[in-house]
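To start, the structure itself, in structure tokens.
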Amino acid sequence: MIRRLVVSLVAIVLLAGGMFTANLVAGNHPSLGLDLQGGASVTMTPVGEVDPAALSVAVDIIRQRVDSLGVAEPEIIRQGNTIVVNLPGVKDQQQALDTIGRTGAVEMRPVLKVAPNPESTTTTSTIAGATTTTLKGSSTTLAPPAGGVGSSRTAAVTTTTVPTATSPTDPATGLPEGQTILPGRKDGLVYLLGPAEATGEVFSNDSSAQVDAGSWVVVAKLRSGAAGADLWNKLATKCYAGGADCPSKAIAIILDGEVISAPTVQTPTFDNGSVQISGSFSQTEAKDLARVLQFGAVPVKFDTPTVQTVSASLGEDSLRAAVLSGLIGVLLVLLFLMFYYRLLAIVVVGGLGVSGLLLWSVISWLSKTNGLALTLSGAAGIIVSIGVTVDSYVVFFEKLKDDVQQGRTLRNSAARGFERAWRTILAADTVSLIGAIVLWWLTVGSVRGFAFFLGLSTMADMVVSYFFTRPAVLLLARTKLFNKGRVLGVARSTTSEAVA
Amino acid sequence: MAGGISRLYRGETTVNFYGRRNIGFIFSALLLIVTVGSLFSQGLNLGIDFKGGVAFEVPVSGSMSEAKAKEILTTNKIKTDNVKIQTLTSGSTQRVRIQLGDIPVATRTTIQEALAKEAKATVNDVSVSTVSSTWGRNITTKAIKALLIFFLIVSLFIAWRFEWRMALSAIVAMVHDVGISVGVYSVFKLEVTPATVVAFLTILGFSLYDTIVVFDKVHDNNERFSGSKVSYGDIVNVSMNQVLMRSLNTSIAALMPVLSLLVLGSGVFGAIALREFALALLVGLATGAYSSIYIASPLLGILKERSDQYRPMRGHLSIGADMSHLMHTGAPVGRRAAARAATEESQGSVSAPLAVETLLSHPPRPRKKSRR
């Protein structure tokens with residue numbers, strides 16, 4: 001028993017310390033938001049006349065692209081007819097451009113297997129009866145050199161040649177590396193896909209939907225060179241051969257985790273730099289697909305964006321004030337707890353230390369990997385969360401005090417008290433976690449950032465309560481010091497007074 | 001022997017929260033009426049992030065600087081608390097960008113001219129454009145939808161973990177907290193920024209957390225008293241007194257950092273941006289702590305007293321020494337005594353010291369001699 005407690009205590013302290021040092025060594029540190037540190041400001045001017053509705057769709061899509069995890073808190077503003085994207089913490093102008101212009105949202109993967117989606121039908125039902133087992137864009141053919149679209153070789157409009165296999169095994173596990181299962185956007189199918197071998201960048205930005213031999217087709221131009229045509233041809237050759245890594249001979253075009261189209265390859269190489277995708281497209285479908293290939297999903301075409309660095313709107317002073325007053329606040333809380341729970345307060349100090357290290361590590365790591373940026377309200381939110389974290393200790397210590405007052409030994413009370421407090425903490429933290437998950441899942445912008453920090457600090461609270469506070473108090477309760485007199489601020493004598 | 005504080009310290013207070021529930025209800029009802037009235041008459045003061053506004057861009061030349069820009073705004077009687085002033089750098093050229101809420105066209109021209117003069121540039125060098133909100137309608141819609149779903153899931157969770165009456169009470173308390181916090185913003189015309197929204201959400205979380213902790217105690221006591229005929233009002237009362245110290249401690253612990261942000265951060269160190277955020281949190285935390293005691297728990301009592309199990313005992317409240325007896329023994333003073341207590345005839349009938357056996361739900365295990 002003692003051994004398990006010691007192991008848990010040592011493990012959590014080592015984990016927190018290890019994560020902290022690892023981040024320190026790697027040079028990760030929390031990056032600050034636009035209000036505190038500034039960043040890069042990218043101005044994007046649309047080409048030609050723009051429909052305001054399309055512009056606001058573009059804003060949403062850019063937001064999603066810039067802020068995939070929802071924690072970077074970029075500012076995206078429509079200023080007149082232009083879109084201004086302010087990215088926190090980005091000092092390098094090229095980096096800013098890469099973030100915005102990333103067309104990585106579109107990728108190409110070989111199709112391994114196709115099956116009807118068991119939980120479909122709720123997908124956007126622009127297509128009546130989502131149960132059709134035919135693929136939309138089901139054949140890819142080589143279009144003639146740019147310009148002469150009308151005279152293109154007739155595209156064999158084949159319905160799917162893909163075997164309609166039974167539902168693949170467990171989607172979460174058991175897949176070879178790089179493979180994944182994604183739903184089709186509108187066709188009610190699920191696709192088992194091989195590793196991504198090309199991105200939307202193989203196409204240049206002038207795909208279009210055209211009428212060819214009476215039906216709608218999409219024509220996309222390939223970029224020349226290694227990153228464009230060569231990459232695409234490699235994939236096409238492989239799929240045309242129909243080997244083990246592309247048995248269906250189809251290439252899936254994926255946007256944001258959904259298969260937009262999975263055309264079958266009709267020719268091993270595309271030598272003249274353009275690709276024609278045909279199939280039973282309606283006009284809108286063809287236009288949608290062309291747009292996806294063109295911009296990812298942004299419905300507006302932009303000039304080359306300009307980048308400027310932007311200074312902080314609040315500045316270091318505010319941060320310093322927040323941190324300083326926050327620290328004083330925490331100190332006051334600790335003093336109060338020390339006054340109230342005496343020596344037990346050292347457990348709180350230790351616990352806050354451990355969760356502080358954990359949070360710092362996670363935030364630093366996400367700053368590096370996901371562009372997370374701490375705004376002033378984020379920093380203040382963390383300070384406030386300390387108050388809530390302290391509550392777990394208060395709940396525990398109050399229950400412990402109850403038991404000691406009823407005449408139990410400290411050792412006994414600590415174990416019982418934790419058991420009861422843990423149930424309370426678990427119930428209350430679960431509710432917070434539900435809130436965090438729902439809000440994170442369904443919202444964008446600063447609400448999402450908030451939800452993220454709420455979830456993070458709630459989880460830290462649960463981990464620290466169980467793996468640090470519990471063993472620490474249980475172990476301390478066995479020491480001589482803690483069983484002497486009133487060091488705990490736990491009045492054991494009450495029982496005898498009441499009995500007297 | 002024991003003063004109020006010392007009894008509080010030991011969790012032995014016998015405050016009749018449930019019996020005085022109407023005080024809390026009336027107080028809250030008044031506040032909510034004021035909130036609704038204020039929302040209808042003057043609404044909320046939404047900041048630039050919600051409404052959009054105007055952006056000026058001035059080249060940094062002459063004596064132009066961020067501080068100068070602020071001065072110009074102040075001389076034109078514009079509050080600079082929530083104005084965003086930033087410097088844009090691109091290569092060697094610098095521009096100052098000023099974003100502020102909607103202003104009349106006349107003021108706009110005046111500011112444009114003043115900025116141009118300061119920068120020793122022509123008026124055309126100072127660009128003025130309208131800016132959309134950074135927040136956007138889309139974010140609001142999504143957030144509201146998410147909140148509703150959150151309410152639903154949390155209700156289901158509480159209903160499953162505890163019971164549906166608790167779920168209902170907790171949600172009502174939560175809505176109450178947000179209502180009052182919004183009311184404070186509306187009445188005092190404080191500017192609503194994205195940070196405020198985040199603060200409100202923090203309040204929701206805190207209020208809910210607090211309520212769950214209280215309800216967990218009620219739930220415990222519910223089981224403990226299930227054998228004896230105790231009215232639900234009594235259970236609520238006993239539970240509230242038992243968690244009173246914890247509630248106070250937690251509230252103090254949560255309020256201290258916020259107060260520090262408010263007083264030290266924005267007052268002493270002068271970070272004005274912190275002020276409104278801290279204020280929203282302060283109001284919200286206070287209402288959160290208040291509502292779990294004065295709204296959520298009494299409401300639960302009312303709902304529960306109407307249920308079949310507790311209807312016979314409805315209206316019986318053990319107060320004072322009777323409550324303390326109930327708290328320690330887990331049994332009411334005896335049917336007759338309870339009846340007398342209810343009619344407030346009993347005086348000192350249970351003041352006799354309690355035997356140690358009755359103080360414990362079960363006696364402590366004797367210490368083993370073999371171990372230290």
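Values reported hereafter were calculated over all heavy atoms of this structure, with side chains retained and with hydrogens, waters and symmetry mates removed. As the structure is a computational prediction, the values presented were derived from the model and not from experiment.
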(request) Find the distance between CD1 (I437(A)) and CD1 (I153(B)) and round it off to the nearest 0.5 Å. (result) 9.0 Å
(message) Just to verify, what does S413(A) make a side chain to side chain donor-acceptor pair (under 3.5 Å) with, not counting sequence neighbours?
(response) none
(message) Quick check for you: to the nearest 0.5 Å, what is the distance between I158(B) atom CD1 and T430(A) atom OG1?
(response) 10.5 Å
(request) Answer with side chain, backbone, both or neither: which region of V323(A) has an atom nearer than 4.5 Å to a non-hydrogen atom of chain B? (result) neither
(request) Please state whether the side chain, the backbone, both or neither of S392(A) comes within less than 4.5 Å of a heavy atom of chain B. (result) both
(message) Please classify the contact between F151(B) and chain A as side chain, backbone, both or neither, with a heavy-atom cut-off of under 4.5 Å.
(response) neither
(message) I want to check something: taking the side chain as every heavy atom from C-beta on, are L426(A) and R161(B) in contact at a cut-off of under 4.5 Å?
(response) no
(request) Could you pull out the closest heavy-atom pair between A253(B) and V390(A), with the gap in Å? (result) CB-CG1, 3.7 Å
(message) Is there a side-chain contact between L208(B) and S432(A) in this structure, where contact means two heavy atoms from C-beta onward sitting under 4.5 Å apart?
(response) no
(message) With a 4.5 angstrom heavy-atom cut-off, is it the side chain or the backbone of T424(A) that approaches chain B, or both, or neither?
(response) both
(message) Please classify the contact of V431(A) with chain B as side chain, backbone, both or neither, using a heavy-atom distance under 4.5 Å.
(response) both
(message) Taking the side chain as everything from C-beta on, heavy atoms only, tell me whether R423(A) gets closer than 4.5 Å to H219(B).
(response) no
(message) Within the 4.5 Å heavy-atom criterion, are D429(A) and Y209(B) side-chain neighbours or not?
(response) yes
(message) Quick check for you: to the nearest 0.5 Å, what is the distance between I425(A) atom CD1 and I212(B) atom CD1?
(response) 13.5 Å
(request) To the nearest 0.5 Å, tell me how far K399(A) NZ sits from K217(B) NZ. (result) 5.5 Å
(request) Looking only at non-hydrogen atoms, find the nearest pair between G435(A) and F150(B) and report the distance. (result) CA-CE1, 3.0 Å
(message) Please classify the contact of I85(B) with chain A as side chain, backbone, both or neither, using a heavy-atom distance under 4.5 Å.
(response) backbone
Using residues 245-252 of chain B as the side-chain source, report each donor-acceptor pair under 3.5 Å to any protein atom, sequence neighbours left out, with the distance given to one decimal.
{"unit_1": "R246(B)", "atom_1": "NE", "unit_2": "D391(A)", "atom_2": "OD1", "d": "3.1"}
{"unit_1": "R246(B)", "atom_1": "NE", "unit_2": "T250(B)", "atom_2": "OG1", "d": "3.4"}
{"unit_1": "R246(B)", "atom_1": "NH1", "unit_2": "D210(B)", "atom_2": "OD1", "d": "3.2"}
{"unit_1": "R246(B)", "atom_1": "NH2", "unit_2": "D391(A)", "atom_2": "OD1", "d": "2.8"}
{"unit_1": "R246(B)", "atom_1": "NH2", "unit_2": "D391(A)", "atom_2": "OD2", "d": "3.3"}
{"unit_1": "R246(B)", "atom_1": "NH2", "unit_2": "D210(B)", "atom_2": "OD1", "d": "3.0"}
{"unit_1": "S247(B)", "atom_1": "OG", "unit_2": "V243(B)", "atom_2": "O", "d": "3.3"}
{"unit_1": "N249(B)", "atom_1": "ND2", "unit_2": "Y341(A)", "atom_2": "OH", "d": "3.1"}
{"unit_1": "T250(B)", "atom_1": "OG1", "unit_2": "D391(A)", "atom_2": "OD1", "d": "2.3"}
{"unit_1": "T250(B)", "atom_1": "OG1", "unit_2": "R246(B)", "atom_2": "O", "d": "2.8"}
{"unit_1": "S251(B)", "atom_1": "OG", "unit_2": "S247(B)", "atom_2": "O", "d": "2.8"}

(request) Please answer whether the main-chain N or O of I328(A) pairs with a side-chain N or O of S260(B) as donor and acceptor at a distance below 3.5 Å. (result) no
